[in-house]
Amino acid sequence: MTQQTLNNDQLNDQIVSFEDEPLILVDSDDNVLGYDSKAACHDGDGLLHRAFSIFLFNSAGQLMLQKRSTQKRLWPGYWSNSCCSHPRRGESDQEAADRRIQEELAVAPALTFLFRFEYQADFGEPGAEHELCSIYAAKSDAQVSVNVNEVAEWKFIDVDELDNELANNPDAYSPWLKLEWPRIREQHWETIQNL
């Protein structure tokens, strides 16, 4: 595992998340039903909306994980995949993923689509996620510059170590990572190795 300490040239503080940003409401078949604010989409049990997760690997085969900012409404301070967010009204999943990885990590790798799945996860009083989530992977050795409003810490981790962590310390990780990672390992690992 490579732990990263942050210095001033690795940080940016641009505000990139807004509670009133218009997210895309969909059904389970990805048909657009309308639009609502990010805040409304995460209230109660959550409204089903489009989302994406990105898994960024380096040339050594390690995965970048981020610890979610303590400013986050849902799962603050939890370790999660490299980058995740939502397409906004008028954006495709791919356009949104390309935008967000630059806003959050200041890198622009070529993203490879892996799969899409639906999940719902409750975080109690603060709300829930209910997402139709597109999963992307990429490989890059470019210098990461994390957005401090989104990322509290980050590190590269060996994949076997992550497998062990999720088995032995699952409560430290976001629910979507715990759903996405086993599927990547079981069904999409050849694609990851060929990035």
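Below, each value reflects all heavy atoms present in this structure, side chains not excepted, and no hydrogens, waters or symmetry copies. If you're wondering where the values come from, they're calculated on a predicted model, not measured in any experiment.
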Checking Y119 against E129 for the side-chain hydrogen bond (donor to acceptor under 3.5 Å, both in side chains) test, could you report, in this order, the C-alpha distance in whole Å, the side-chain angles of both residues, the deciding distance, and whether it holds?
CA-CA 8 Å; Y119 79 98; E129 288 287 10; 4.5 Å; no

May I ask you to decide if H130's main-chain N or O and H49's side chain share a donor-acceptor pair within less than 3.5 Å?
yes

Ignoring hydrogens and geometry, is there a side-chain-to-backbone donor-acceptor pair from N147 to N149 under 3.5 Å?
yes

I want to check something: taking the side chain as every heavy atom from C-beta on, are L132 and E118 in contact at a cut-off of under 4.5 Å?
yes

Evaluate the side chain to side chain contact (heavy atoms under 4.5 Å, CB included) criterion for residues C133 and F117: first the C-alpha distance (whole Å), next the side-chain angles of each, then the deciding distance (0.1 Å), finally the verdict.
CA-CA 5 Å; C133 193; F117 82 114; 3.9 Å; yes

Taking only Lys NZ, Arg NE, NH1 and NH2, and the carboxylate oxygens of Asp or Glu, determine whether R99 and E95 approach each other closer than 4.0 Å.
no

If you take all heavy atoms of P87 and L23, which pair is closest and at what distance?
O-CD2, 3.8 Å

Approximate separation, where rounding is to 0.5 Å, of E165 CD and I157 CD1:
6.0 Å

Hey, can you tell me if W75 and F123 have their rings parallel, tilted or perpendicular (30° and 60° cut-offs)?
tilted

Less than 4.0 Å between a side-chain N and a carboxylate O, is that true for D36 and R89?
no

Ignoring hydrogens and angles, tell me if any N or O in the side chain of D158 forms a donor-acceptor pair with the backbone of E161 under 3.5 Å.
no

Side-chain donor/acceptor of R73 to backbone N/O of P126, under 3.5 Å
yes

So, N31 side chain and D27 main chain: donor-acceptor pair closer than 3.5 Å or not?
no

For the side chain of D122 and the backbone of G124, is there at least one donor-acceptor N/O pair under 3.5 Å apart?
no

Looking at F52, I'd like to know if the NZ or CZ of R100 sits under 6.0 Å from its six-membered ring centre while staying within 45 degrees of the ring's axis.
no

How about CD on E190, more than 12 heavy atoms from neighbouring residues, nucleotides or ligands closer than 6.0 Å, or not?
no

Main chain of S80, side chain of S174: is a donor-acceptor contact present, judged purely on distance under 3.5 Å?
no

Can you confirm whether D93 sits close enough to R116 that some side-chain heavy atom of one is under 4.5 Å from a side-chain heavy atom of the other?
yes

Salt bridge (Lys or Arg N to Asp or Glu O under 4.0 Å) partner of E150, chosen from K67, K72, R68
K72

Side chains of W181 and D163: donor-acceptor distance under 3.5 Å anywhere?
yes

Side-chain donor-acceptor pair present, Q66, E104, cut-off under 3.5 Å:
yes

Full working for side chain to side chain contact (heavy atoms under 4.5 Å, CB included) between W79 and L177:
CA-CA 9 Å; W79 285 99; L177 174 65; 5.6 Å; no

Using distance alone, with no hydrogens and no angle criterion, decide if E91 and H86 have a side-chain donor and acceptor under 3.5 Å apart.
no

Quick one: do Y78 and D171 satisfy side chain to side chain contact (heavy atoms under 4.5 Å, CB included)? Show the steps, please.
CA-CA 8 Å; Y78 284 68; D171 292 345; 5.8 Å; no

Decide, yes or no, whether a salt bridge links K38 with D43 under the criterion of side-chain N to carboxylate O below 4.0 Å.
no

With a 4.5 Å cut-off on side-chain heavy atoms, are W189 and I184 touching?
yes

Ignoring hydrogens and geometry beyond distance, is a side-chain donor-acceptor pair present between N164 and N168 at under 3.5 Å?
no

Should L114 and Q187 count as side-chain neighbours, where that means a heavy-atom distance under 4.5 Å?
no

E153/V146 under side chain to side chain contact (heavy atoms under 4.5 Å, CB included): CA gap, chis, key distance, verdict:
CA-CA 9 Å; E153 298 177 42; V146 299; over 6 Å; no

